[in-house]
**Q** 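After the structure tokens below, expect a handful of questions from me.
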Amino acid sequence: MLHLRAVAAHLRRDDAAAERLVAEAISVATDPVVLASLHNDLGNMRLEAGDPAAAIAAYESSLAVHPTDVPTWANLATALRLARDPARAGEAGLRALELEPMSSLGRGALTAAVLALTADGAEARALELVRRWVRVDPDHPGARHRLAALGGLPPPDRAPDDYVETLFDATAEAFDPHLAGLGYRAPELVADRVAAVLGRPAGELDVADLGCGTGLVGALVRPWARTLSGCDLSVNMLRLAQVRGCYDVLQRAELGAFLRAEPTAYDLVVGADTLCYLGDLGPTTTAAAWSLRPGGVLVATVERLVDGVGDWRLTSSGRYAHGEEYLRSVSAVAGLGDVEVTPVHLRLEAGVPVEGLLWSARRPVTGSGPTAAGERPAQGATTARAEGRMGG
């Protein structure tokens with residue numbers, strides 16, 4: 001009864017009453033499982049009230065009684081990270097994963113801790129944590145990709161599809177408000193470039209949105225579209241895009257497979273912060289050229305390789321950065337012209353602008369090139385995958 005009264009007080013946001021009632025329940029509890037649960041609930045209440053330090057104490061009390069409870073270890077990891085102790089948060093997440101191999105709670109806690117360490121500039125500590133993660137969870141694509149991003153493995157030429165799918169499935173519900181808090185500008189930048197290249201919208205174009213996410217770009221380019229098709233690897237993102245209601249077709253697909261499946265189907269292909277999960281953009285750019293009709297336009301953003309050394313680089317964030325001249329080169333190889341590459345700020349991370357490039361190119365109305373010559377683009381190293389359509 002005390003526990004239920006505490007929950008009711010918490011729901012009406014009477015934190016003092018909720019804490020007092022839980023403390024009373026703890027004082028009379030005799031069952032260790034119940035006692036551990038009460039301490040965990042107290043931690044949750046404190047965390048939701050914005051007091052991670054007090055939440056840590058409650059979670060540690062719970063684990064002292066029930067040291068093998070995976071959700072409580074994950075909760076402790078969250079509280080430690082919010083208390084700005086990502087190193088200990090990583091230890092708690094690793095313990096959750098040791099107790100329950102392949103635990104989504106443990107993996108999520110570890111991912112958040114690694115990102116926090118990286119944002120704090122503690123890349124050596126992040127690398128050591130990920131090395132230990134890979135030893136416990138060797139087949140998880142996210143762990144191996146993070147290890148490569150921190151220099152522990154040779155960088156792959158693209159992020160694994162399973163990594164991207166898991167990442168965005170896990171963050172879908174919080175995606176839009178999170179990006180709003182970062183001053184996210186990529187969708188507006190893409191729409192502005194579409195307007196500059198194609199003029200006023202008349203609802204006459206067949207448009208493809210690569211890595212459409214929740215539909216932030218789709219909603220902005222819809223005025224140009226007769227039909228608007230979106231693709232994404234994340235089912236949770238696609239569900240939110242469907243709710244937004246701006247798409248005629250939504251498809252769960254790897255973007256290269258999506259493009260190769262529809263030769264000369266589109267007048268416009270757009271992608272906001274999608275290509276940053278690819279290093280080698282050659283196959284995808286050629287696939288985009290293949291999918292465009294003569295005169296069709298590609299507009300996308302990428303993160304910018306600020307020092308200009310090399311064509312692309314896997315960064316500690318797990319995303320790829322690209323060079324300006326590299327974008328011009330892959331455009332030329334794909335047979336695209338009218339290339340324009342403009343430095344932009346995409347969003348903020350830790351209060352610092354993320355440097356990007358706004359890239360547009362056009363398939364010539366006439367002329368040679370891989371698409372004009374009828375050459376089907378190669379699939380590259382990644383197995384093509386296109387599956388699952390949803391009506392818009």
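Note that these values count all heavy atoms, side chains included, but never hydrogens, waters or copies made by symmetry. This is a predicted model, so every value here is computed, not measured.
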**Q** Side-chain contact test, heavy atoms from C-beta onward, threshold under 4.5 Å: evaluate it for Leu189 versus Leu346 and give yes or no.
**A** yes

**Q** Please check: side-chain N/O of Asp157 versus main-chain N/O of Gly279, any donor-acceptor pairing under 3.5 Å?
**A** no

**Q** Any heavy-atom pair between the side chains of Val164 and Pro141 that's under 4.5 Å?
**A** no

**Q** Please say whether more than 12 non-hydrogen atoms of neighbouring residues, nucleotides or ligands are located less than 6.0 Å from CZ in Arg328.
**A** yes

**Q** Could you check whether any side-chain N or O of Ser291 sits under 3.5 Å from a backbone N or O of Ala288, counting only pairs where one atom can act as donor and the other as acceptor?
**A** yes

**Q** Yes or no on side chain to side chain contact (heavy atoms under 4.5 Å, CB included) for Val333 and Thr285, after CA distance, side-chain angles and deciding distance?
**A** CA-CA 9 Å; Val333 170; Thr285 307; over 6 Å; no

**Q** Let me see the working for Arg362 and Glu340 under salt bridge (charged side-chain N to carboxylate O under 4.0 Å, His left out), right down to the final yes or no.
**A** CA-CA 10 Å; Arg362 186 189 295 269; Glu340 186 172 352; over 6 Å; no

**Q** At their closest point, which heavy atom of Pro294 faces which heavy atom of Val365, and how far apart are they?
**A** CB-O, 3.6 Å

**Q** Of all the heavy-atom pairs spanning Gly337 and Pro364, show the shortest one and how long it is.
**A** N-CD, 4.3 Å

**Q** Return the NE2 to CG distance between His322 and Leu305, rounded to the nearest 0.5 Å.
**A** 9.0 Å

**Q** I'd like to know if Arg95 and Glu98 make a salt bridge, using a cut-off of under 4.0 Å between side-chain N and carboxylate O.
**A** yes

**Q** Any idea how Phe258 and Tyr266 line up, ring-wise: parallel (<30°), tilted (30 to 60°), or perpendicular (>60°)?
**A** parallel

**Q** Could you give the distance from CG (Asp120) to CG (Leu115), rounded to the nearest 0.5 Å?
**A** 11.0 Å

**Q** Other residues, nucleotides and ligands only: do more than 12 of their heavy atoms fall within 6.0 Å of CZ on Arg144?
**A** no

**Q** Between Arg244 and Ala219, which heavy-atom pair has the shortest distance, and what is it?
**A** CD-CB, 4.1 Å

**Q** So does Asp280 get a backbone contact from the side chain of Arg158, meaning a donor-acceptor N/O pair under 3.5 Å?
**A** no

**Q** So, for Pro32 and Val65, which heavy atoms are closest and what is the spacing to 0.1 Å?
**A** O-CG1, 3.3 Å

**Q** If the condition is side-chain contact (heavy atoms from CB on, under 4.5 Å), which residues does Asp69 pass it with, not counting sequence neighbours?
**A** His66, Pro71, Thr72

**Q** Once rounded to the nearest 0.5 Å, what's the spacing between atom CG of Leu150 and atom CG of Leu129?
**A** 9.5 Å

**Q** Looking at Arg46 and Asp51, is there a salt bridge between them, counting it only when a charged N and a carboxylate O are closer than 4.0 Å?
**A** no

**Q** Should Leu327 and Val339 count as side-chain neighbours, where that means a heavy-atom distance under 4.5 Å?
**A** no

**Q** Take Glu173 and Arg239, measure what salt bridge (charged side-chain N to carboxylate O under 4.0 Å, His left out) needs, and give me the verdict at the end.
**A** CA-CA 10 Å; Glu173 290 296 333; Arg239 287 174 180 150; over 6 Å; no

**Q** Are Leu278 and Leu255 close enough that some pair of their side-chain heavy atoms sits under 4.5 Å apart?
**A** yes

**Q** Short question: side chain of Tyr326, backbone of Leu281 - any donor-acceptor pair under 3.5 Å?
**A** yes

**Q** Answer whether the closest heavy-atom distance between the side chains of Leu268 and Leu298 falls below 4.5 Å.
**A** no

**Q** Which atom pair, heavy atoms only, marks the closest approach of Ala96 to Ala74?
**A** CB-N, 4.4 Å

**Q** State whether the side chain of Trp73 and the backbone N or O of Pro67 hold a donor-acceptor pair below 3.5 Å, judged by distance alone.
**A** yes

**Q** Without swapping roles, check the side chain of Arg363 against the backbone of Arg293 for a donor-acceptor pair under 3.5 Å.
**A** no

**Q** Under the salt bridge (charged side-chain N to carboxylate O under 4.0 Å, His left out) criterion, do Arg319 and Asp273 qualify, and how do the steps go?
**A** CA-CA 10 Å; Arg319 300 185 298 270; Asp273 282 4; over 6 Å; no

**Q** If you take all heavy atoms of Ile56 and Ala83, which pair is closest and at what distance?
**A** CD1-CB, 3.9 Å

**Q** Is the ring pair His145/Tyr163 parallel, tilted or perpendicular, if the boundaries are 30 and 60 degrees?
**A** tilted

**Q** Enter the distance from Ser229:OG to Asp209:CG here, rounded to the nearest 0.5 Å.
**A** 9.5 Å

**Q** At what distance, to the nearest 0.5 angstrom, does CG of Asp161 lie from OG of Ser234?
**A** 12.5 Å

**Q** Does the side chain of Asn40 reach to within under 4.5 Å of the side chain of Tyr59, using non-hydrogen atoms?
**A** yes

**Q** Is Glu303 salt-bridged to Arg347, cutoff N-O under 4.0 Å?
**A** yes

**Q** To the nearest 0.5 Å, what is the distance between CD (Glu91) and CG (Asp85)?
**A** 10.0 Å

**Q** Would you say the side-chain atoms of Ser329 pair up with the backbone N or O of Glu325, donor to acceptor, closer than 3.5 Å?
**A** no

**Q** Can you name the ring-ring contact (aromatic ring centres under 6.0 Å, His included) partners of Tyr320, sequence neighbours left out?
**A** Trp312

**Q** Going by atom types only, do Glu355 and His345 share a side-chain donor-acceptor pair under 3.5 Å?
**A** yes

**Q** Using a 3.5 Å distance criterion without hydrogens, assess whether the side chain of Tyr247 forms a donor-acceptor pair with backbone atoms of Arg222.
**A** no

**Q** Checking Asp169 side chain against Val235 main chain: does a donor-acceptor pair fall under 3.5 Å?
**A** yes

**Q** A side-chain contact here means heavy atoms from C-beta on lying under 4.5 Å apart; do Val330 and Thr284 qualify?
**A** no

**Q** Can you check whether Arg252 reaches Met237 side chain to side chain, under 4.5 Å on heavy atoms?
**A** no

**Q** Using distance alone, with no hydrogens and no angle criterion, decide if Arg193 and Thr342 have a side-chain donor and acceptor under 3.5 Å apart.
**A** yes

**Q** Could you tell me which residues satisfy side-chain contact (heavy atoms from CB on, under 4.5 Å) with Val309, sequence neighbours excluded, listed by chain and number?
**A** Asp307, Arg313

**Q** Got a donor-acceptor contact below 3.5 angstrom from the Asp232 side chain to the Gly213 backbone?
**A** yes

